A.B. asks: 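Structure in C-alpha cells, see below.
Every value quoted in this text rests on a predicted model; they were computed, and no experiment measured them. We count residues from 1, following the sequence as given. Values below: every heavy atom of this structure, side chains too, minus hydrogens, waters and symmetry copies.
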Amino acid sequence: MRSVYDDPDPGVALLEKVQYPNLVFFGEHDVIFIKPRELLARCLPNVKHAVLDGLGHMTAIEDLKCTTAELLSLLREI
C-alpha cells in the first residue's frame, strides 16, 4: 500500500488513454485508498464516480444490494 502513495509516476498517462467506461466507487467511511481513488476519478476520461453512503471499505460485504445497484447502473449506461 505504501508504494501506491509514494510512487512518483503512478501511470496517469496510461489512465488517460482508457477508452471504455469505468466506475470508481467507495464507501463514505472508507479511508484506506483515498489518494488512489481520487487519482482514478480525476484521470480516467470516461468515469462515473460514486460514494456509497454509510459504507466503509468492503462495500460488497457491507451492502451487496447497494454495490450491485452501482455496478448495474454503469452497465446500463454502456
A.B. asks: When clusters are formed from ILVMFWY side-chain contacts under 4.5 Å, directly or step by step, what else is grouped with Phe26?
C.D. replies: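 Members alongside Phe26: Val51.
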A.B. asks: Who else is in Ile61's hydrophobic cluster (ILVMFWY, side-chain heavy atoms under 4.5 Å, direct or via others)?
C.D. replies: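 So far as hydrophobic clustering goes, Ile61 is joined with Met58.
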A.B. asks: Considering residues at least two apart in sequence or located in another chain, which fulfil the side-chain contact (heavy atoms from CB on, under 4.5 Å) criterion with Leu40?
C.D. replies: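 Testing Leu40 for side-chain contact (heavy atoms from CB on, under 4.5 Å), a comparison that skips the adjacent residues, returns Leu15, Val24, Leu44.
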A.B. asks: Not counting sequence neighbours, list each pair that qualifies as a salt bridge (charged side-chain N to carboxylate O under 4.0 Å, His left out) and has a residue in residues 22-34.
C.D. replies: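 The answer is Asp30-Arg37.
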A.B. asks: Show which side-chain atoms of residues 69-78 pair as donor or acceptor with protein atoms under 3.5 Å away, not counting sequence neighbours.
C.D. replies:
residue, atom, partner, partner atom, Å
Glu70, OE1, Lys48, NZ, 3.4
Ser73, OG, Lys48, NZ, 2.8

A.B. asks: So, using salt bridge (Lys or Arg N to Asp or Glu O under 4.0 Å) as the criterion, who are the partners of Glu62 when residues are at least two apart?
C.D. replies: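 Partners of Glu62 under the salt bridge (Lys or Arg N to Asp or Glu O under 4.0 Å) test: none.
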A.B. asks: Measure from the side-chain N and O atoms of Thr59 to the backbone N and O of Thr67, and report whether any donor-acceptor pair falls under 3.5 Å.
C.D. replies: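 No; judged by distance alone, with no hydrogens or angles, the pair does not exist.
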A.B. asks: Which heavy atom of Leu55 sits nearest a heavy atom of Cys66, and at what distance?
C.D. replies: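 Minimum heavy-atom contact is CD1-SG, 4.3 Å.
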A.B. asks: According to the ring pair (Phe, Tyr, Trp, His ring centres under 6.0 Å) rule, which pairs have a member within residues 57-78, sequence neighbours left out?
C.D. replies: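 Those involving residues 57-78 are Phe33-His57.
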